[in-house]
Amino acid sequence: MNNYYELRISINPEIEDIVSDICFSNFDCEECQSAFLRGAFLACGAVSSPEKDYHLEFSVPYMNLSKSLVTCLQEKELAPKVTHRKGYNIIYFKDSEEIEDCLYIMGAGKSMFDMMNVKIVKEIRNTANRKANCDAANIEKTVAAASPQIAAI
């Protein structure tokens with residue numbers, strides 16, 4: 001079940017000063033960009049468990065909002081991929097380092113470090129498995145090469 005919330009502000013001179021003070025009219029300041037990304041993630045974002053795969057996405061129902069989100073991410077030197085699914089604009093990352101950077105920019109430093117830890121454990125496990133497989137293959141080759149010689153002796 002997805003909830004959608006929309007905030008509409010009528011701009012009059014009094015409100016325009018307030019809006020410009022909190023940077024909603026543009027995203028020039030770093031804090032505003034991070035806050036915008038945090039809000040977008042809380043409203044329509046998801047991240048998969050790094051133990052399975054690396055995937056962070058925003059499912060955005062509005063085209064203009066998705067364009068603003070992509071622009072904001074690109075200004076942070078991230079390269080999101082964009083697709084369209086079931087009437088939503090999907091902005092996503094599959095690269096673990098870009099996901100880590102995005103999490104950090106959004107202020108989710110603990111989640112970023114948790115993801116890095118899982119990634120390190122996966123890499124150590126994969127390296128150990130590769131070494132074990134290599135050793136097993138070498139033993140099999142040695143036995144296969146020695147068997148005919150032993151039979152000949």
**Q** Cation-pi check, K122 to Y54: give yes when NZ or CZ is under 6.0 Å from the six-membered ring centre and within 45° of the ring axis, no otherwise.
**A** yes
**Q** With salt bridge (charged side-chain N to carboxylate O under 4.0 Å, His left out) as the test, would you mind laying out the steps for D135 and K131 before giving the verdict?
**A** CA-CA 6 Å; D135 289 344; K131 286 180 180 179; over 6 Å; no
**Q** Compare all side-chain heavy atoms of L37 with those of L73 and state whether any distance is below 4.5 angstrom.
**A** yes
**Q** Does the side chain of S68 come within less than 4.5 Å of F36's, by heavy atoms?
**A** yes
**Q** Let me confirm one number: the SG-CG distance from C72 to L65, rounded to the nearest 0.5 Å.
**A** 10.5 Å
**Q** Look up atom CE in M106 and atom OG in S111, then write down how far apart they are to the nearest 0.5 Å.
**A** 8.5 Å
**Q** Drop me the distance from L103's CG to F113's CZ, to the nearest 0.5 angstrom.
**A** 11.0 Å
**Q** Can you see which heavy atom on P148 is nearest to which on A144, and at what distance?
**A** CD-O, 3.0 Å
**Q** Less than 4.5 Å apart, any side-chain heavy atom of C102 and any of M112?
**A** no
**Q** Is there side-chain contact between L78 and I105, with at least one heavy-atom pair below 4.5 Å?
**A** yes
**Q** Could you check whether any side-chain heavy atom of S96 comes within less than 4.5 Å of a side-chain heavy atom of M115, counting everything from C-beta outward?
**A** yes
**Q** Is the H55 ring parallel, tilted or perpendicular to the Y92 ring (thresholds 30°, 60°)?
**A** parallel
**Q** Does a side-chain heavy-atom distance below 4.5 Å link F41 with V47?
**A** yes
**Q** Do M63 and N89 have side chains that approach each other closer than 4.5 Å (heavy atoms only, starting at C-beta)?
**A** yes
**Q** Rounded at 0.5 Å granularity, tell me how far CG in L69 sits from CD1 in I91.
**A** 4.0 Å
**Q** Testing the basics here: between C44 and V60, what is the closest heavy-atom pair and its distance to 0.1 Å?
**A** SG-CG2, 4.0 Å
**Q** Less than 3.5 Å apart, any donor N or O on the side chain of Q149 or S147 sitting next to an acceptor on the other?
**A** no
**Q** Roughly how far, to the nearest 0.5 Å, is NZ of K76 from CG of D101?
**A** 11.0 Å
**Q** Begin from the C-alpha positions of K94 and E57 and carry the test salt bridge (charged side-chain N to carboxylate O under 4.0 Å, His left out) through to its verdict.
**A** CA-CA 9 Å; K94 288 281 196 183; E57 77 174 37; over 6 Å; no
**Q** If the test is side-chain contact (heavy atoms from CB on, under 4.5 Å), which one of N126, V121, I120 qualifies with I124?
**A** I120
**Q** Is the closest side-chain heavy-atom distance between P80 and Q74 below 4.5 Å?
**A** yes
